[in-house]
Amino acid sequence: MAFTKLNNVRLHWRETGRKDAPAVIFANSLGTDCRLWDEVAAALSAKYRVVLYDKRGHGLSENAPGPYSIDMLADDVLALADHLELAQFAFVGLSVGGLIAQQLAVKAPERLSALVICDSAAKIGNDESWNARIEAVITNGLASITGPVMERWFTPAYHAEKQMELAGWIQMLLGTPNDGYAATCAALREADLTRVVTNIKTPTLVICGDGDQSTPPELVKQTADLIPGAKFEIIKGCGHIPPAEQPEALLTLLTKHFEEHIHV
Ligand SMILES: O=C(O)CC1=CCC(=O)O1
């Protein structure tokens, strides 16, 4: 576990695996922190230098004042990569992390060896839905939206069978500062990468849970179809958060993509 001031914000990050191995950076979704990747990171660190971090306004990173933008969040990743002296890295982004992935691929393609966009799209939601969410969180706190958020994150089967785990993810969500969450919602509201993702040259895998209620498979596939050469894969029995609900299926897809595109 480490903390570094980057772009004037204290970012929390962790790394596992050999320092001389090819690097993979993971970015988590709105209302989660980097522990989300622990299971996948542990498996991949046998072969890769795995870097996890908390976005600004999330986890143990500084709750910097908003609003944020996807470009600002992508710049945080580049600053972290510079700090770790990673000339090149693979990047896996979930949901808002997937928007950061797309922005990085457009902005700094020379830094990327491979890209994974997980349960994300070039445009997520609309002004109305994000403004309503920001208003609810600022006025009544994250606890007031926990129910609908969990419906989008996890399948009905997970809700029925994994109540203890669900309580743990709710605790993670509620650990997010209200204003950091709202500032990230503002970044999501403003982001529309539809016109630029057509320029992505990095080998890209796009993944979606078949039961994702936040970025449904049809929406995610529309973005995959815009990215030249991108592969699209569905994870069965999974909502919006594959590293929590189906980590093994996600790991299988990541391993294949990295074996094909990252040269060890
Ligand atoms: O709707 C949710 O809470 C899920 C989500 C949307 C963007 C993101 O990062 O997570």
Side-chain angles (χ1 to χ4, degrees), residues 26-37 52-59 61 66-74 76-77 91-104 116-138 140-155 158-159 166 169-178 180-194 206-220 222-223 235 238-245 250:
F26 286 81
N28 45 290
S29 57
L30 178 66
T32 62
D33 66 48
C34 69
R35 289 172 294 179
L36 187 63
W37 301 108
L52 311 182
Y53 78 104
D54 290 331
K55 295 183 303 301
R56 58 174 70 202
H58 280 70
S61 287
Y68 308 155
S69 69
I70 296 300
D71 194 46
M72 185 187 282
L73 299 176
D76 288 346
V77 176
F91 191 82
V92 181
L94 173 65
S95 201
V96 65
L99 273 161
I100 298 171
Q102 296 163 56
Q103 181 76 5
L104 284 170
V116 180
I117 298 167
C118 191
D119 298 78
S120 187
K123 168 112 188 98
I124 302 176
N126 55 41
D127 286 7
E128 199 185 357
S129 62
W130 289 119
N131 286 337
R133 206 188 295 204
I134 291 167
E135 170 76 18
V137 169
I138 294 301
N140 299 314
L142 263 169
S144 69
I145 62 162
T146 301
V149 168
M150 288 301 138
E151 296 299 323
R152 289 190 294 269
W153 280 15
F154 296 109
T155 60
Y158 194 88
H159 279 264
L166 191 67
W169 299 119
I170 291 172
Q171 190 169 325
M172 180 183 277
L173 171 69
L174 295 180
T176 311
N178 291 327
Y181 186 97
T184 309
C185 289
L188 280 150
R189 180 189 61 207
E190 299 305 315
D192 186 353
L193 299 178
T194 310
V206 182
I207 297 172
C208 191
D210 62 353
D212 185 339
Q213 302 286 322
S214 190
T215 50
E218 312 80 66
L219 176 75
V220 177
Q222 278 170 21
T223 294
I235 298 183
C238 192
H240 187 61
I241 314 280
E245 190 160 3
L250 175 63

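Numbering starts at 1 and runs along the sequence shown. Whatever order the structure lists them in is the order used to number ligands and atoms, beginning at 1.
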Verify side-chain contact (heavy atoms from CB on, under 4.5 Å) between Cys118 and Leu250, making sure each step is shown before the conclusion. CA-CA 9 Å; Cys118 191; Leu250 175 63; 4.3 Å; yes
Residues in ring pair (Phe, Tyr, Trp, His ring centres under 6.0 Å) contact with Phe26, at least two apart in sequence or another chain: Trp37
With sequence neighbours left out, what residues match Ala132 under side chain to side chain contact (heavy atoms under 4.5 Å, CB included)? none
Going by side chain to side chain contact (heavy atoms under 4.5 Å, CB included), name the residues that satisfy it together with Met72, two or more places apart in sequence or in a different chain. Arg56, Tyr68, Ser69
Between SG of Cys208 and CG of Leu219, what distance do you get to the nearest 0.5 Å? 8.0 Å
Per-pair distances, ligand 1 N/O vs protein N/O, less than 3.5 Å:
residue: ligand 1; atom: 1 (O); partner: Arg133; partner atom: NH1; Å: 3.4
residue: ligand 1; atom: 1 (O); partner: Arg133; partner atom: NH2; Å: 2.8
residue: ligand 1; atom: 1 (O); partner: Arg152; partner atom: NE; Å: 2.8
residue: ligand 1; atom: 1 (O); partner: Ser214; partner atom: OG; Å: 2.9
residue: ligand 1; atom: 3 (O); partner: Arg133; partner atom: NH1; Å: 2.8
residue: ligand 1; atom: 9 (O); partner: Leu30; partner atom: N; Å: 2.9
residue: ligand 1; atom: 9 (O); partner: Ser95; partner atom: OG; Å: 2.8
residue: ligand 1; atom: 9 (O); partner: Val96; partner atom: N; Å: 2.9
residue: ligand 1; atom: 10 (O); partner: Ser95; partner atom: OG; Å: 3.0
residue: ligand 1; atom: 10 (O); partner: His240; partner atom: NE2; Å: 3.4

Going through the distances and angles, do Lys55 and Asn28 end up as a side-chain contact (heavy atoms from CB on, under 4.5 Å)? CA-CA 8 Å; Lys55 295 183 303 301; Asn28 45 290; 3.5 Å; yes
